[in-house]
Amino acid sequence: MTQSYRERFDIPADIAYFNAAQIGPISLETQRAGEAAYRDKTQPWALPASTYFFDRPEALRAEAAKLFQSSADHIALVPAASYGLAVAANNIPLRAGQDILLLGEQFPSNVYIWQKLAAKTGARIVTVERAKGQSWSEALLPHIGPQTGLLSCAQVHWLDGGQVDVYAIGKALKAHGAAFVLDLTQSLGVLPIDIHACQADFAVAVGYKWMLGPYGLGYLYGGHAHLEGEALEENWIAREGAQNLAGLIDYKPGYEPGARRYDVGERSHLQLVPAAITALKALNDISIQAISDQLGAYNRHLIEDVTALGLVSDVPDRAPHYLALSLPERAPKNLVERLKADQVFVSQRGPRLRISAHLYNTDQDRQHLVDSLARHLS
Ligand SMILES: Cc1ncc(COP(=O)(O)O)c(C=O)c1O
């Protein structure tokens, strides 16, 4: 990795932070944008209301749309993945007896909502497991058929980093008229996706992990068929003509165009939005393909280094940016804690060690991690 990215972050040289999959740091530039936004709030008269209520959220929507390779009309500003998934569940018609497909050990925000929808509609949850050596796509395909009502899954599984071939799976689902919902939390911003080509109905991602943005802002994509759906709440700012603040009690039946109707109340998040714009713009300026290539190369190097220590990358179709390595049997139970004591930050999810590097990680970080692992696994 080039040193120039590291210099954009407040990460001391002796810290090896490999935990973007849990929470990503904001850059110094993003921090400055956030501080300036707080300063703006000290003197609310100094800016036109249209700037913070409308122009800035629109700029954020446009920046987020680029990550999906879509346009601003398809993007809603949401506070969490669970919120976006609730919008999706609210807008996908299911019949009793249809299957709701989920992947095994999926993130809970992408399970509970479907359990609720199954109870409400009489649809049936089918959890697809992946056999050893099998990719998630290979495991999924045989389950897709005329009985399928919906699949909701991640593009990259949070526990093992395995990818779903969203294009092949989207095609198979649509051949049976089934809906497709994606949780892109562990991939958007670091793995390219052409959301229209994969035919997703809805897709959501949080902004505080790989996107290196503030906590509390996420992005929901709504497909062409869902731009006139039902919002979870009815807030004033999503209604047509809301820009005319003097005319708000001239209550309007219509909404702002596209997926804006799904925006959460107070979506203009005065203090968060400028920071989020800065964070997403930085990713788009580098390009998502370039980020994916860079993280992929970094991780291939890392795998080479840790193989001799008994850590194994054994997940078929692993996403380039995501490492979830099987540990050797001799690994101590408190390995993550021991690494932390050495200023190396990773996480353990299930039986795997999750190492999630980002642009700020350097060759020195990698050596730091390898040395620390060698010490605790010897
Ligand atoms: C795959 C995945 N989805 C979603 C989330 C966050 O969900 P929520 O925004 O509902 O808190 C996480 C957080 O770890 C995650 O790993």
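Read the numbers this way: they start at 1 and go in the same order the structure lists the ligands and their atoms. Being a predicted model, the structure only gives us computed values, none of them experimental.
The pair Asp317-Arg130 fails the salt-bridge criterion, with no side-chain N (NZ, NE, NH1 or NH2) lying under 4.0 Å from an Asp/Glu carboxylate O. In summary, Lys340 and Asp342 do not engage in a salt bridge, as defined by a charged side-chain N under 4.0 Å from a carboxylate O. Here Arg352 does not pair with Asp160 in a salt bridge; the nearest charged N to carboxylate O distance is not below 4.0 Å. The residues Glu58 and Arg61 are annotated as salt-bridged, a charged nitrogen and a carboxylate oxygen being separated by less than 4.0 angstrom. No salt bridge links Glu228 with Arg261; every basic N to acidic carboxylate O contact stays at or beyond 4.0 Å.
Screening residues 164-196 for ring pair (Phe, Tyr, Trp, His ring centres under 6.0 Å), with sequence neighbours left out, gives His74-His196, His196-Tyr221, His196-His224.
For ligand 1, the 4.0 Å heavy-atom shell contains residues Ala80, Ala81, Ser82, Phe107, Ser109, Trp158, Asp183, Thr185, Gln186, Val206, Tyr208, Lys209.
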